[in-house]
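Worksheet: the structure to be examined is printed underneath.
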Amino acid sequence: MKYTQLGRTGLKVSRLVLGTMNFGPQTDEADSHAIMDAALDAGINFFDTANVYGWGENKGRTEQIIGNWFAKSAAHRDKVVLATKVYGNMAADGDAWPNHDKLSALNIRRAVDASLKRLQTDHIDVYQFHHVDRRTPFEEIWQAIDVLVQQGKILYVGSSNFPGYKIAQANEIAARRGGTIGLVSEQCLYNLAERRAEMEVIPAAEEYGLGVIPWSPLHGGLLGGVIKKEVEGGRRASGRAADSLANTTIRAQIQAYEDLLDKHGVEPGEAALAWLLTRPGVTGPIVGPRTAEQLESAIRAVELELSEELLSGLDEIFPGPGPSPEAFAW
């Protein structure tokens, strides 16, 4: 496994991030623990989750599964850089109550204590804002975070799904307050088929020293060889990937992508991850395996070297918006 610094911090993290959203809803606890064991054995030390994972009546279940894994061995928690998120309402569906969601100081305090209990740990390494809260000023947010840092409950703070201007606003206010490190990472939707983050989010992250952690690196499975799997009688596309393939233009684009990679003898899913690892500012993509086999495929991407010819071909199929601010002007 290869490692890098998380943004401008001294924290060393693996070039792949283990995403745990499937733990509970799609992968049972035993298999989830096996995947975490395999990830740690492979050198993956950066685990990402969120308080709402588990979804519906099972919100918090994913954190509980991780917490039970930590409880098996002190070495697990010692080796893992743990990231979780706050924002969503944790009340049972239909029982939402004021101040039980978003980023008020009250909810941040409540949410971090609840996550610590579920995760069976005394601190969270990277505490992430899952979405922008338009109603809560950053002065209030940073005041709450400062208290948690002083208490030793969290070490670093990251954002998720933030536009570029909010990254700038958050860190400028943190700088004016003094003593607050500000955001150190941004978790955003970014992959070959969805490159809008290159216009503002990634430039802002680079300017302010945030590590970029792309989620959905295979774009809901669309970049994982879906057409080839259909032809071979394997698992058919579903959800967002199936909806996208119903568009003839997108289907032709994905077919061209798979044909290019077949020509170069590279697996589509591994190429999509390897491409992200070549992008400026990217710390590492989040991989959310449902099985140990999917994790093995993702790990191979770290060592995969994409030729200049292949990179150019990928750019032709999936052209990005171009450099900012030129992309806005011409």
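Scanning for side-chain hydrogen bond (donor to acceptor under 3.5 Å, both in side chains) contacts around T9 gives an empty result, with sequence neighbours left out. Listed by chain and residue number, nothing satisfies the salt bridge (Lys or Arg N to Asp or Glu O under 4.0 Å) test with E200 (two or more places apart in sequence, or in another chain).
A ring-centre distance under 6.0 Å is found for Y190 and W275. Between F70 and H76, the ring center distance fails the sub-6.0 Å criterion. Side-chain rings of Y53 and F23 stay apart, their centers remaining 6.0 Å or farther from each other.
Between D113 and K153, at least one side-chain nitrogen of the basic residue sits less than 4.0 Å from a carboxylate oxygen of the acidic one, meeting the salt-bridge criterion. Of the charged side-chain nitrogens involved, at least one lies within less than 4.0 Å of a carboxylate oxygen, so that D315 and R195 count as a salt-bridged pair. Looking at D125 and R77, a side-chain N of the basic residue comes within less than 4.0 Å of a carboxylate O on the acidic one, giving a salt bridge. By the 4.0 Å N-to-carboxylate-O rule, E267 lies too far from R300 to be salt-bridged with it. A salt bridge links E194 with R196: the distance from a Lys NZ or Arg NE/NH1/NH2 to an Asp or Glu carboxylate oxygen falls below 4.0 Å. Ion pair R177/E140 not flagged as a salt bridge, since none of the NZ, NE, NH1 or NH2 atoms sits closer than 4.0 Å to an Asp/Glu carboxylate oxygen. Salt-bridge formation is detected for the pair K85/D48: a Lys NZ or Arg NE/NH1/NH2 atom is positioned less than 4.0 Å from an Asp or Glu carboxylate oxygen.
By the rule that hydrophobic residues join a cluster once side-chain heavy atoms approach within less than 4.5 Å of another member, L119 and M90 end up as members of separate clusters. F129 and Y165 are assigned to two separate hydrophobic clusters, defined by single-linkage of ILVMFWY side chains at heavy-atom distances under 4.5 Å. Grouping the Ile, Leu, Val, Met, Phe, Trp and Tyr side chains by contacts below 4.5 angstrom, directly or via other members, places L210 apart from L11. Placement of I141 and L148 within a single hydrophobic cluster is found when ILVMFWY residues are connected by side-chain heavy-atom separations under 4.5 Å, directly or transitively. I145 is connected to V132 through a chain of hydrophobic side-chain contacts under 4.5 Å among Ile, Leu, Val, Met, Phe, Trp and Tyr, so both are in one cluster.
Heavy atoms only, all atoms of each residue included: F162 and K166 are closest at CD2-CB, 3.9 Å. Of all non-hydrogen atoms in S32 and T27, the two that sit nearest each other are OG-O, 3.2 Å. The two atoms that bring G158 and V126 nearest to each other are N-CG1, 4.2 Å, heavy atoms only. Taking both residues in full, the closest heavy atoms of G269 and Y257 are given as N-OH, 4.5 Å, listed atom of the first, atom of the second, then distance. Closest approach of A301 and A274 over heavy atoms only: O-CB, 3.8 Å. Between G182 and A174, the shortest heavy-atom contact is CA-CB, 3.8 Å.
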Please lay out, stage by stage, how L155 and I124 fare under the test side-chain contact (heavy atoms from CB on, under 4.5 Å). CA-CA 7 Å; L155 301 181; I124 294 161; over 6 Å; no

Report the C-alpha distance between L310 and L261 in whole Å, list the side-chain angles of each, state the deciding distance to 0.1 Å, and finish with yes or no for side-chain contact (heavy atoms from CB on, under 4.5 Å). CA-CA 8 Å; L310 179 51; L261 296 176; 3.7 Å; yes

Run the side-chain contact (heavy atoms from CB on, under 4.5 Å) test on F47 and V81 for me, step by step, so that the C-alpha distance in whole Å, both residues' side-chain angles and the decisive distance to 0.1 Å come before the verdict. CA-CA 6 Å; F47 288 18; V81 175; over 6 Å; no

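Looking at H100 and N89, their side chains never bring a donor and an acceptor atom within 3.5 Å of each other. For the residue pair D146/Q150, the side-chain donor-acceptor check at 3.5 Å is not satisfied. Under 3.5 Å, the side chains of T49 and E63 contain no donor-acceptor pair of N or O atoms. Of the N and O atoms on the side chains of Q128 and S160, not one donor lies less than 3.5 Å from an acceptor on the other residue. A side-chain donor-acceptor contact under 3.5 Å links Q120 and N68.
Between the S14 side chain and the N45 main chain, a donor and an acceptor come within less than 3.5 Å of each other.
Put simply, the side chain of N191 does not reach to within 4.5 Å of the side chain of L218, judged on heavy atoms. Side chains of S297 and E270 form a contact here, defined as non-hydrogen atoms less than 4.5 Å apart. Considering only heavy atoms from C-beta on, N99 stays 4.5 Å or farther from N107 through its side chain. Put simply, the side chain of H219 does not reach to within 4.5 Å of the side chain of L192, judged on heavy atoms. Within the 4.5 Å cutoff, the side chain of W69 has no heavy atoms near those of the E29 side chain. Contact of the R15 side chain with the T4 side chain is registered, since non-hydrogen atoms from C-beta on lie closer than 4.5 Å. The shortest distance between side-chain heavy atoms of M21 and T62 does not fall below 4.5 Å. Side-chain contact between T283 and V13 is present, with at least one heavy-atom pair separated by less than 4.5 Å.
Between the CD1 atom in I66 and the NE2 atom in H33 there is a gap of 8.5 Å [rounded to 0.5 Å]. Atom-to-atom distance recorded for D133:CG and L103:CG is 4.5 Å, nearest 0.5 angstrom. Taken to the nearest 0.5 Å, the CG atom of D262 stands 9.0 Å off from the CD atom of E258. The structure places CG of D41 at 11.5 Å from CE of M1, a figure rounded to the nearest 0.5 Å. Taken to the nearest 0.5 Å, the OG1 atom of T291 stands 10.0 Å off from the CG atom of N22. Atom CG of L273 and atom CG of L16 lie 6.5 Å apart (nearest 0.5 Å).
Heavy-atom neighbours of E326 CD from other residues, nucleotides or ligands within 6.0 Å: above the threshold of 12. Within 6.0 Å of CD in E139 there are more than 12 heavy atoms belonging to other residues, nucleotides or ligands. Within 6.0 Å of CD in E207 there are 12 or fewer heavy atoms belonging to other residues, nucleotides or ligands. Atom CZ of R110 has more than 12 neighbouring heavy atoms from other residues, nucleotides or ligands inside a 6.0 Å radius.
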